Structures are given as C-alpha cells and as structure tokens.
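Working notes for the structure below.
What you see is a predicted model; the values in this text were computed from it and never measured.
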Amino acid sequence: PMVDISRDPRWGRVIEGAGEDAYLGSVFAAARVRGYLAGGLMPAVKHFAGYGAGEAGRDYNGALIPTSDLYDRHLPPFKAAIEAGARSVMAALNAVNGVPATANSYLLGTVLRRDLGFTGMVTSDYNAIGELMSHGLAGDLATASRLALKAGIDLDMEGDGYARHLADEIAGGRVAIAELDQAATRVIALKLQMGLFSPRPLPAAPSEADTRATAREVARESFVLLKNERATLPIATGVRSIALVGTAAKGDVDDSWYGPAQQTKPHTQTLFDAMTERLGPGQTLNYAAGFADRCGKEAGDANGAVAAAAASELVVLIVTEDCEFSGEGTSRANLDLSAAQSDLIDRLSATGKPLVLVVTAGRPLTLTKVVAKADAVLFAWLPRTEGRTAIAEVLTGAVNPSGKLPITFPRSVGQIPISYNVLPTSRPPGENRYTSRYLDEAVTPLFPFGFGLSYTTFAYENLRTAKTRIGRGDTIAVEVDVRNSGSVAGQEVAQLYSRTPVASRSRPLRELRAFEKIRLRPGEVRTVRFEIPRERLAFHDDAGQAVLEPGTLELYAGGNSNAALTTSVVLE
C-alpha cells in the first residue's frame, strides 16, 4: 500500500494514499497492513520517504523536507504500518534533500531502522537503482548497485544491477561479503516468516458475491456530497423524468492500472442500468451521451443533451477524470474538467432544470465554477467494480452519503499547496493589503479537509473534558454530544482537532487528533468519547527529537476541520 502523505493534488498518485493528514494516514496505513496480512500477504509499504512531497506535484520530482516536517508529517504512516506488522518497505524513487532515497543511508539507516525500529526487508522501486545514474549520483550501474546496497537496499527490483555487478564489487573489495549477507538474510528471513520454504494452504478466497458486497459497501462509504441546494438529492419519487447525461453513464468502469492480459474483468453494472433498475414506478430516464468519447474529453452531441434536459424535470450529468488521468505518471498543471465537460455544464445549467453533478476522479479538482452551476454535487472518486451501482443507490436515496474529504479542495491551482494544518503567519489573512492573502483569490479552500454533507443534518453540543489539567502519562478524555437534527437516519464522522497556541516553535492552526463514524436516527443524540494519550501530542525539532511541552491545548469538535465548538485543557 502507498502510505505517502500528499498535499498537492497535481500529483496523480493522490488516489493511492489517504490524503494530507499524518494521523488519518496512520490509521489507514495500519488498517491496510492488517488487511494484507489477514489475506496471507506481506505488504511492502511505500514510498520511503517523502515521495508525496515532490516539488510542483510532478511525479518522481525531488522533495525538500525539513527534518521536523519529515518526522511530524511524512513518517507517522510508516511508523503505524510497521507497528501493525509490515516487514517490507519500498524506498522512494525521488531524491529527498538532494539525496535519492535509493542511496540515502540517512533515510534508510538512521530514520527507518534506528528511529522507527524497522528490522525487515527494504526493496528498491522499479529500476530505481539504475536510475541513480539519472539522478547524477552514479556514473555506471556497478557504482549505483554498490551505493544502494551500502545505503540499505536489500532487494533490487527489476534493476538487474545486483545480479550483474555485486560479485565483481565483492571481488574488488568495494563491497564486503558481510554487507551482502546482511541483505540476503533479511530477504530469507522474510520468506521464512511468510512460510515460503514449506508448503502451506493459501487462505480461502471469498466468494465473488462476498467480494462484490464488500466493494459496494466501500464505495457507498467513500462518496462525498459536496453540495445539495434545496434538497435536490435524493431524487424525489415525484420527479417523473430524469435526463441522464454523459458517456460515462453507459460506460464500463475504467482502470487506471493495467492488469495481466490473461485476466478477464468481471461484469460491472453501468450507471444507466443501475438507475433504471432503481427508479420508481412512472419515473423515466432520458439518456444522452453528450460527449464523443467515454472520458468526456471531446465534445459530442451537446444539442441532444440539452434537448434531453429540456424534456426532463431533473438532470444528472456524470463527468469524469477516469481513463489515463489518475495514477503513476499523471501529474497535471491544471485541474479543471475538460473544456467539453465545462461547456456542457454551462449549457445544461442554462436550461433552468435542477442539475446534479456526479464527479468521478482520483484527486481534488478545481471545481469552483462548475459547483456554482450545479444544484447538487456528488464526488464519487474512482469507485470501481460496484461503484456505478452504489452511485445509483445514493442518487435514488437507498443510501445516505457519509464520506468526508481526506484532502483539501482548492479553489484554483494557484492556491496549491493548500492544506488545513498550516502554520500560523505573522499577519493572518485580512482585508488589509499587508496581510497573508492573495489579491486575486480567496485564501480559503473551496471545500475544507474533513468536509462532507448528508441527506440529514447534525448538531454538535456540550464539548467537555474529564479533566482540565493533564499530567505526564495522562490521557485526554474528551466528550461531545452529536445530534441528528434532520429528518432521516444518517452517518456522521465526528472529528476532534487540537491547536497549541503557544510553543517553542509555531504549531499548525489545527491538527486532527481523533474521529469516529456513528449512525443516528432522526432526533437521536449520541455522546462520542475521544481519548488522546498526552504523548501523542509531541512534535519534533530540527534534529528529529520528540518535544512535549506544557501549556494550553485548544480542542475543537465538529464535522470538518473548520469545527467551531471549542474548549481547552492545560498540559502540565
């Protein structure tokens, strides 16, 4: 699993990780490792370290990361993965602070093995050892192989350098046999741990029905409702005719990663079929492709789409960043929808019919203009096998959306990098020219970290702590009452944030400390309890040493990172 922290949505691999927050990333990393292990697989957590911080969001680009930021932001998911049982780590392809990770003895030795206590196997990324020549660190593959082995790379993935050159490097005295033994021992130990030297039964594979049920549940839980003016969603039973627009509505689910040629992709339901199956008696679906290709990059019969909208009471348009626009090697300088999709949104909005926008994409997009044109916006990410069926369930009200954003959505590319947990500035944003602001754009995001609407509403009340003074070794116990203040049952992700207003170095304006997903009936109130060990509030200095200081800690509870309900405790 990829556990890199990513704050720049221009990077195509955002979809593989858990977003911008170190704590959220740690929870996801540990869960993914436990899942791999339960299935009989040893995860190789990647990419160690700082791969998600590449300059300008360009894949494989170098990263400049202060030591304190490395330990506070980028290492926690790896630490959580190792503690959850990961015994394999993949080194990053890029350079960190001028030294490629594949030959970075500080990262692989001091940080990974000494500070994180990792004792397992480290593998290179694909041909990363050979790419040390491209980095300018080695003039030939033999030198690259020697540098990688000495830095701590135990396994050469698809580079052929170890196989071709290590024997000569040892014969020439440039590599000690003990160094080779150490790397080989780690590889063999991992194979022994996984039982690869003795026959053993593989874990029983789940049935296709169980796999599909899990896939659909994952999709349902992940969708984020970004806008829902005038309760446009779910589609009311009184809406008799719906225009479904977009080639993706009748297309198969596309994969951004290829699979072996011998694999046969199982049947997946299209959005058109899924909605047809779930509409009520007397409701009709008027389909129009709108685009010339399945990804919406080229304009098609826009007039036909407008005609379908004019003949319907409500319009559902699915736009997409599917196809080749997500995954490795897909960095983008612009994050707008295609011109064809933006133009069709304008034309459909101009009909005056309520417009529902379904967006499938692998990263945040700059949706400022199109969100303003739509009455409702459902961000569906890349939900895959059962995804279109799950979308239909949400649109028709069988499922109430409950997902929250794991990464900040910018208003424009010029705001990037943007995240919720930034450091304070000496002149906070204001109307005065000489404050930290833009002349031509707001400093606030389009949608903040942790944001997501529901078909119901939730109220947060009575935030309190068990103790107001927290001693060393104590746990901060926080409770908040969450009430379903709407008319339908729903799920909410209750979130707790903290801020240290005064410390020996500037601390972020907000930091996610805990979260819990709960289900509430209309009018129901649930007390959510969060417990935070005091030691988890430590931050790191420029030497990578953990610092835990006394002082006031502000706490905020709510449904996203702009949570307003607040209290405080004193750390002694």
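Residues R437 and E441 are not paired through a salt bridge, judged by the lack of any N-O separation under 4.0 Å between the basic side chain and the carboxylate. Using a 4.0 Å cut-off between charged side-chain N and carboxylate O, D154 and R186 make a salt bridge. The pair K517-E221 counts as a salt bridge, with a side-chain nitrogen and a carboxylate oxygen less than 4.0 angstrom apart. Between R332 and E321, at least one side-chain nitrogen of the basic residue sits less than 4.0 Å from a carboxylate oxygen of the acidic one, meeting the salt-bridge criterion. Using a cut-off of 4.0 Å between Lys/Arg side-chain N and Asp/Glu carboxylate O, R505 and D72 are scored as not salt-bridged. A salt bridge does not link E572 with R472: none of the charged nitrogens is closer than 4.0 Å to a carboxylate oxygen. Taking the charged nitrogens against the carboxylate oxygens, R529 and E479 do have a contact shorter than 4.0 Å, which makes a salt bridge.
Atom CZ of R58 has 12 or fewer heavy atoms from other residues, nucleotides or ligands within 6.0 Å. By the 6.0 Å contact criterion, CZ on R464 is enclosed, its count of non-hydrogen atoms from other residues, nucleotides or ligands being greater than 12.
The aromatic rings of F451 and F447 sit parallel to each other, their planes meeting at less than 30°, with 60° as the upper class boundary. Using a 30° and 60° split on the angle between ring planes, H540 and Y71 fall in the tilted class, from 30° to 60°.
Atoms CE and NZ, from M2 and K46 in turn, are 8.0 Å apart once rounded to the nearest 0.5 Å.
Under a 3.5 Å cut-off, the side chain of R510 and the backbone N or O of S498 do not form any donor-acceptor pair.
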